[in-house]
Amino acid sequence: MHDLKLIRETPDAFDKGMAGRGLQPQAATILDLDVKRRDAQTRMQVMQSRRNEASKEIGKIKGQGGDATALIEEVQSLKDGLAAAEAEERECAETLQSILESLPNIPFDDVPVGADEDANVEIRRVGTPPEMKEAQQHFEIGEALGQMDFETAVTMSGARFVLLKGQLARLERALACFMLDTHTGANGYTETVPPYLVRDNAMYGTGQLPKFTEDLFHTDEGFWLIPTAEVPMTNIAADRIWEADDLPMRFTAWTPCFRSEAGAAGRDTRGMIRMHQFSKVEMVSITHPDKSVEELERMTDCAEGILKSLGLAFRTVVLSTGDMGFGARKTYDIEVWLPGQEAYREISSCSNCGDFQARRMKARFRTPGEKGTRFVHTLNGSGLAVGRTLIAVLENYRQEDGSVAIPDVLQPYMGGADRIELPNR
RNA sequence: GGAGGGAUGGCAGAGCGGUAAUGCAGCGGAUUGCUAAUCCGUCACGGGAUCAAACUCGUGCGGGGGUUCGAGUCCCCCUCCCUCCGCCA
């Protein structure tokens, strides 16, 4: 949600932000509506003022047993004009609201301007992709191990689902536990187990609604399945006034995520890169407005730290203005090296949303000694997508004999095992 | 699933057709002074005015309709919360 006052004050900066998103200038339309709305409001208020005054008078006269017929008729005569002004004011306000809530957030000035991912800028590369004689894709490896079963998943759920078994199932759990332990330990996040089903207002708060319903799953009872734990964890701050001392709040959770992938038909159809259901360890920070810029660096560092611990090569890119998500002002994507694809693929996305979500969900804070409240800033980042991390481990740690080595830091979580062997047949 | 109760400012809490009490917290000020007390003001959002204020008008009692000169209050619809019973991990 955008701040109308800000648009009034700096319409050019607003349009520049929208241009970066590939949108036409919006400020003129918005401000025109704003002027119309205020004009209608002013006319409305003049009539309301007269009505209130007369009504008070009527009350007084009637209380004294007098005749107020003339005044009553006057108020009656105001009705049509008042109703018209009210309708106009309301119509403008609703239109304004629907425009403001459907426009994406304004990118920071240091975000590269561009239409799509081609304009993203790589800012660092960490680690070296391993030399491999014959790299395989994760589904080849997983199926050879006999522990990654797409066929069975299809029979019960259709495409974009997978059944993991045995040590691969455990590897998923091991990865998630390792990530959670790292974030709740060294990184200072508070672990949560949030709801996986939420209502409209929560989805509106983080920006999935009203525009992106087609990406979501919905139940007959009116719940939405969370596409990321960002939704329930960010909404922890919703509709409250916090104390400045409460900030920053840092939450993490390991949850399933549900996405319809409506716009992704035909993409990543093989394997478990793009699933309707996947698990992810998410980080959310609720910060003071002055701290969100540095918090994004911190959060990205936390995500990268997991990859470093796992010994996986990756690169970090800044998304261009056209490639960023709806609510973000700046986003870092972390892409892990997948030998089977000979490509870096997204495994984490860390975003600073500024006050965009906070405004939608009325998440505010108060500072002692200051009057009034301000909106908090919200950030979210994957730390990491567990399914894709599992893929990365399989492809990067596959041995020439077909077995898969287990990274050192995961071995305690795998019952001490140091590799996953091919089945004896 | 059945039966009830409720939603009012940051929080607590009155009001039942005639300008939204009061308390606590916060903010501004005054005063006395010793680990704070007392008093006054302020205390949501929006419009107008202003360099900015003072000022002024309006809206706001979960949301939306209706009745009325006038609705927190009466009527209708919806949402959410709570309690009890039933069922259940």
Side-chain angles (χ1 to χ4, degrees), chain A residues 1-9 30-101 193 195-205 209-210 218-224 232 235-247 249 256 286 288 355 358-376:
Chain A
M1 179 61 66
H2 290 285
D3 181 3
L4 191 53
K5 273 187 202 155
L6 193 70
I7 301 174
R8 258 183 231 155
E9 286 161 12
I30 292 168
L31 293 180
D32 183 53
L33 263 172
D34 182 41
V35 167
K36 276 192 188 136
R37 202 205 101 243
R38 282 145 76 194
D39 176 65
Q41 184 180 26
T42 302
R43 283 184 278 120
M44 179 176 98
Q45 289 182 353
V46 169
M47 288 182 270
Q48 283 172 332
S49 178
R50 177 58 199 148
R51 179 201 62 194
N52 292 347
E53 194 181 20
S55 290
K56 263 182 244 172
E57 194 63 20
I58 290 165
K60 203 184 293 177
I61 291 170
K62 285 200 165 180
Q64 295 166 350
D67 176 16
T69 312
L71 276 173
I72 289 174
E73 278 171 8
E74 186 196 339
V75 174
Q76 287 284 30
S77 73
L78 281 173
K79 274 200 164 175
D80 286 349
L82 186 54
E86 279 172 347
E88 189 179 337
E89 194 276 341
R90 203 177 125 194
E91 196 179 321
C92 290
E94 281 172 0
T95 309
L96 207 47
Q97 167 81 6
S98 70
I99 292 174
L100 290 177
E101 73 186 5
V193 180
Y196 305 156
L197 300 176
V198 300
R199 280 203 263 261
D200 290 3
N201 59 311
M203 285 293 187
Y204 180 84
L209 296 185
H218 192 248
T219 76
D220 288 343
E221 292 78 8
F223 290 110
W224 301 93
N235 273 282
I236 292 171
D239 205 28
R240 289 189 58 172
I241 297 177
W242 303 85
E243 297 299 328
D245 282 350
D246 295 330
L247 308 176
M249 295 186 284
I286 314 292
H288 188 284
D355 67 2
R359 207 174 276 285
R360 293 170 87 97
M361 63 175 73
K362 293 181 175 56
R364 295 167 291 176
F365 74 100
R366 190 185 356 243
T367 307
E370 289 177 17
K371 62 174 183 178
T373 58
R374 296 175 69 187
F375 290 107
V376 299

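Quick note on labels: first sequence line is chain A, next is B, and so on, each numbered from 1.
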Lys/Arg N to Asp/Glu carboxylate O, [X] vs [Y], below 4.0 Å:
X      : Y      : answer
A:E88  : A:R43  : yes
A:E53  : A:K56  : no
A:D34  : A:R37  : yes
A:K5   : A:E9   : no
A:R50  : A:E74  : yes
A:E101 : A:R360 : no

Hey, which sits more toward the 5' end of RNA chain B by its nearest nucleotide, A:R90 or A:M44? A:M44
Can you pull every protein N or O that's under 3.5 Å from an N or O on nucleotides 45-48 of chain B?
| from | atom 1 | to | atom 2 | distance (Å) |
| --- | --- | --- | --- | --- |
| B:G46 | O2' | A:R37 | NH2 | 3.4 |
| B:G46 | O2' | A:Q41 | OE1 | 3.2 |
| B:G46 | O2' | A:Q41 | NE2 | 3.0 |
| B:G46 | N2 | A:Q45 | OE1 | 3.4 |
| B:G46 | N2 | A:Q45 | NE2 | 2.9 |
| B:G47 | OP1 | A:R8 | NH1 | 3.3 |
| B:G47 | OP1 | A:R8 | NH2 | 3.0 |
| B:G47 | O4' | A:Q41 | OE1 | 3.1 |
| B:G47 | O2' | A:T42 | OG1 | 2.9 |
| B:G48 | OP1 | A:R38 | NE | 3.4 |
| B:G48 | OP1 | A:R38 | NH2 | 3.2 |

Using the [atom1] atom in both, what is the distance from [N] to [M], to the nearest Å?
N     : M     : atom1 : result
B:C78 : B:U68 : C1'   : 24 Å
B:G60 : B:G66 : P     : 14 Å
B:A53 : B:G46 : P     : 13 Å
B:G41 : B:U35 : C1'   : 27 Å
B:G9  : B:A21 : C1'   : 13 Å
B:C88 : B:G1  : C1'   : 12 Å
B:C75 : B:G5  : P     : 14 Å
B:U22 : B:C80 : C1'   : 28 Å

To the nearest angstrom, how far is [X] atom [atom1] from [N] atom [atom2]?
X      : N     : atom1 : atom2 : result
A:K362 : B:A44 : NZ    : P     : 16 Å
A:F365 : B:A25 : CZ    : P     : 23 Å
A:R374 : B:G26 : CZ    : P     : 21 Å
A:N201 : B:A7  : CG    : P     : 20 Å
A:D239 : B:G10 : CG    : C1'   : 12 Å
A:I241 : B:C27 : CD1   : P     : 14 Å
A:L82  : B:U59 : CG    : C1'   : 12 Å
A:D200 : B:G63 : CG    : P     : 17 Å

State, to 0.1 Å, how close [X] and [Y] come at their nearest heavy-atom pair, and which atoms those are.
X      : Y      : value
A:W242 : A:A237 : NE1-O, 3.2 Å
A:V75  : A:I58  : CG2-CD1, 4.3 Å
A:H2   : A:L100 : CD2-O, 3.6 Å
A:L82  : A:M47  : N-SD, 3.5 Å
A:F375 : A:F365 : O-CE2, 3.7 Å

Check this one for me: any side-chain N or O of A:R199 less than 4.0 Å away from OP1 or OP2 of B:C80? yes
Identified stems (criterion: three or more consecutive Watson-Crick or G-U pairs, under 3.5 Å), RNA chain B: B:1-7 with B:79-85, B:10-12 with B:22-24, B:26-30 with B:38-42, B:44-48 with B:55-59, B:62-66 with B:74-78
For nucleotides 53-56 of chain B, list the nitrogen or oxygen atoms of the protein found under 3.5 Å from its nitrogen or oxygen atoms, one pair per line.
none

Quick check on the 6.0 Å ring-centre criterion: do A:H218 and A:F223 meet it? no
Only counting residues at least two apart or in another chain, list the ones meeting salt bridge (charged side-chain N to carboxylate O under 4.0 Å, His left out) with A:D3. A:R359
Listed by chain and number, what are the salt bridge (charged side-chain N to carboxylate O under 4.0 Å, His left out) partners of A:R199, not counting sequence neighbours? none
Return the CD to OG1 distance between A:E89 and A:T42, rounded to the nearest 0.5 Å. 9.5 Å
Using a 4.0 Å cut-off on protein heavy atoms (strictly under), produce a 5'-to-3' string for nucleotides 66-78 of chain B with B for base contact, S for backbone-only sugar-phosphate contact, and - for none. ---BS--------
